[in-house]
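For the numbers below, each heavy atom of this structure counts, side chains included, while hydrogens, waters and symmetry mates do not.
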Amino acid sequence: MKTLIAYASKHGCTEKCAKLLEEHLDGETERINLKEQTDVDFSKYDTVVLGSPVYIGKILKEVDTFAKTNLNELEQKTIGLFICGMQEEHTLRNELEVNYPTELQDKALVRECFGGAFDFSDMNFAEKMITKRVAKIDKDVSAIREDVIHSFAETLNQQH
């Protein structure tokens, strides 16, 4: 089994989640940041996991474009989908449903929300102001759900 974790990260939380997932997956795993690389030889992988943070209700454009551009290849693989965010559970569930192509939603073996984090040291002034106003938070907070990441990995591991 060889798994590709293709993700994009804005402030590092999604990258951290991708690394945690990689630690729990059996077999060979490769992780690529779609902000740096988008060319993939899909023949090397049995499983592809896509991950993105959600900002203003949308996954990052790099992940959206990658999913849509490679839909035919992705449909031939075992699929896992995840998002990261600090919204309430029902909001995250809805954002998970609407952001990835329907074909991948239907095909996905596992879909999850991995939680999120606010890292003020990595935010620009506007992002800090928005976070303070909307989330009513003014310091670093991590709510990464490691138990969910572990369970996501177990579901994929049982496929092989």
Side-chain angles (χ1 to χ4, degrees), residues 1-119 122 141-160:
M1 164 177 119
K2 186 161 183 183
T3 302
L4 172 67
I5 303 171
Y7 70 94
S9 194
K10 191 168 180 180
H11 295 292
C13 178
T14 304
E15 182 169 33
K16 183 175 183 180
C17 289
K19 287 177 180 175
L20 288 168
L21 177 61
E22 182 178 29
E23 291 171 14
H24 291 296
L25 288 172
D26 295 339
E28 200 177 336
T29 306
E30 189 175 344
R31 194 170 26 83
I32 64 165
N33 183 337
L34 295 172
K35 287 187 169 201
E36 298 165 1
Q37 176 188 344
T38 56
D39 292 342
V40 171
D41 176 2
F42 287 97
S43 68
K44 294 176 9 185
Y45 307 102
D46 307 297
T47 302
V48 178
V49 175
L50 297 177
S52 177
V54 174
Y55 290 96
I56 317 169
K58 300 270 185 228
I59 60 174
L60 294 184
K61 119 178 132 343
E62 293 87 352
V63 178
D64 186 51
T65 300
F66 181 82
K68 290 174 180 168
T69 303
N70 298 295
L71 193 56
N72 290 339
E73 292 88 347
L74 291 168
E75 286 183 295
Q76 309 307 312
K77 306 297 177 185
T78 300
I79 297 292
L81 303 173
F82 76 87
I83 60 171
C84 293
M86 292 290 282
Q87 302 86 325
E88 292 180 14
E89 183 70 22
H90 70 276
T91 302
L92 283 170
R93 286 265 155 227
N94 181 58
E95 289 172 343
L96 181 58
E97 294 290 324
V98 301
N99 273 290
Y100 289 106
T102 306
E103 298 89 341
L104 293 183
Q105 294 279 354
D106 294 344
K107 173 110 177 53
L109 177 65
V110 61
R111 299 176 297 163
E112 262 314 334
C113 310
F114 286 176
F118 291 124
D119 181 357
D122 196 47
V141 175
S142 178
I144 293 173
R145 299 163 61 192
E146 293 193 38
D147 57 328
V148 173
I149 295 170
H150 183 79
S151 162
F152 186 100
E154 285 302 306
T155 301
L156 288 176
N157 289 338
Q158 290 169 8
Q159 272 306 107
H160 302 281

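Distance check: Ile5 CD1 to Leu21 CG gives 4.0 Å after rounding to the nearest 0.5 Å. Summarising the geometry, atom CD belonging to Glu23 is positioned 8.5 Å from atom CD belonging to Glu146; distances are rounded to the nearest 0.5 Å. With values rounded to the nearest 0.5 angstrom, Arg31 atom CZ is found 4.5 Å from Glu22 atom CD. The CZ atom of Arg145 lies 6.0 Å from the CD atom of Glu112; values are rounded to the nearest 0.5 Å. A distance of 12.5 Å separates CD1 in Ile79 from CZ in Arg111, rounded to the nearest 0.5 Å. To the nearest 0.5 angstrom, Leu25 atom CG is 5.5 Å from Thr3 atom OG1.
Of the possible polar contacts, one joining the Asn157 side chain to the Asp26 backbone as a donor-acceptor pair under 3.5 Å is found. The backbone N or O of Lys77 lies less than 3.5 Å from a partner atom in the side chain of Lys107, making a donor-acceptor pair. In this structure, the side chain of Thr14 does not engage the main chain of Cys84 through any donor-acceptor pair within 3.5 Å. Side-chain N or O atoms of Ser9 include one that pairs as donor or acceptor with a backbone N or O of Glu15 at under 3.5 Å. With Glu28 contributing its side chain and Lys2 its backbone, the two residues share no donor-acceptor pair below 3.5 Å.
In this structure, Cys113 and Val148 have side chains that are not in contact, with every pair of non-hydrogen atoms separated by 4.5 Å or more. In this structure, the side chains of Leu109 and Leu156 come closer than 4.5 Å at one or more pairs of heavy atoms. Side-chain atoms of Val49 and Tyr7, non-hydrogen and from C-beta on, never get closer than 4.5 Å to each other. The shortest side-chain heavy-atom distance between Asp46 and Thr78 does not fall under the 4.5 Å cut-off. Side-chain contact check for Leu34 versus Leu60: every heavy-atom pair is 4.5 Å or farther apart. Annotation: side chain of Gln105 is in contact with side chain of Glu97 (closest heavy-atom distance under 4.5 Å). The shortest distance between side-chain heavy atoms of Val40 and Phe66 falls below 4.5 Å.
With sequence neighbours left out, the ring-ring contact (aromatic ring centres under 6.0 Å, His included) criterion links Phe152 to Phe114. Evaluation of the ring-ring contact (aromatic ring centres under 6.0 Å, His included) rule for Tyr45 yields no partner, not counting sequence neighbours.
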- [ ] For side chain to side chain contact (heavy atoms under 4.5 Å, CB included), just list the numbers for Leu71 and Leu104, CA-CA rounded to whole Å, side-chain angles, deciding distance to a tenth of an Å, and then say yes or no.
- [x] CA-CA 8 Å; Leu71 193 56; Leu104 293 183; 3.6 Å; yes

- [ ] Go through the steps to decide whether Val110 and Phe82 satisfy the test side chain to side chain contact (heavy atoms under 4.5 Å, CB included), and finish with yes or no.
- [x] CA-CA 8 Å; Val110 61; Phe82 76 87; over 6 Å; no

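Identified under the side-chain hydrogen bond (donor to acceptor under 3.5 Å, both in side chains) test for residues 62-71, with sequence neighbours left out: Asp64-Lys68.
Contact detail for Gly51 and Val63: the closest heavy-atom pair is O-CG2, 3.5 Å.
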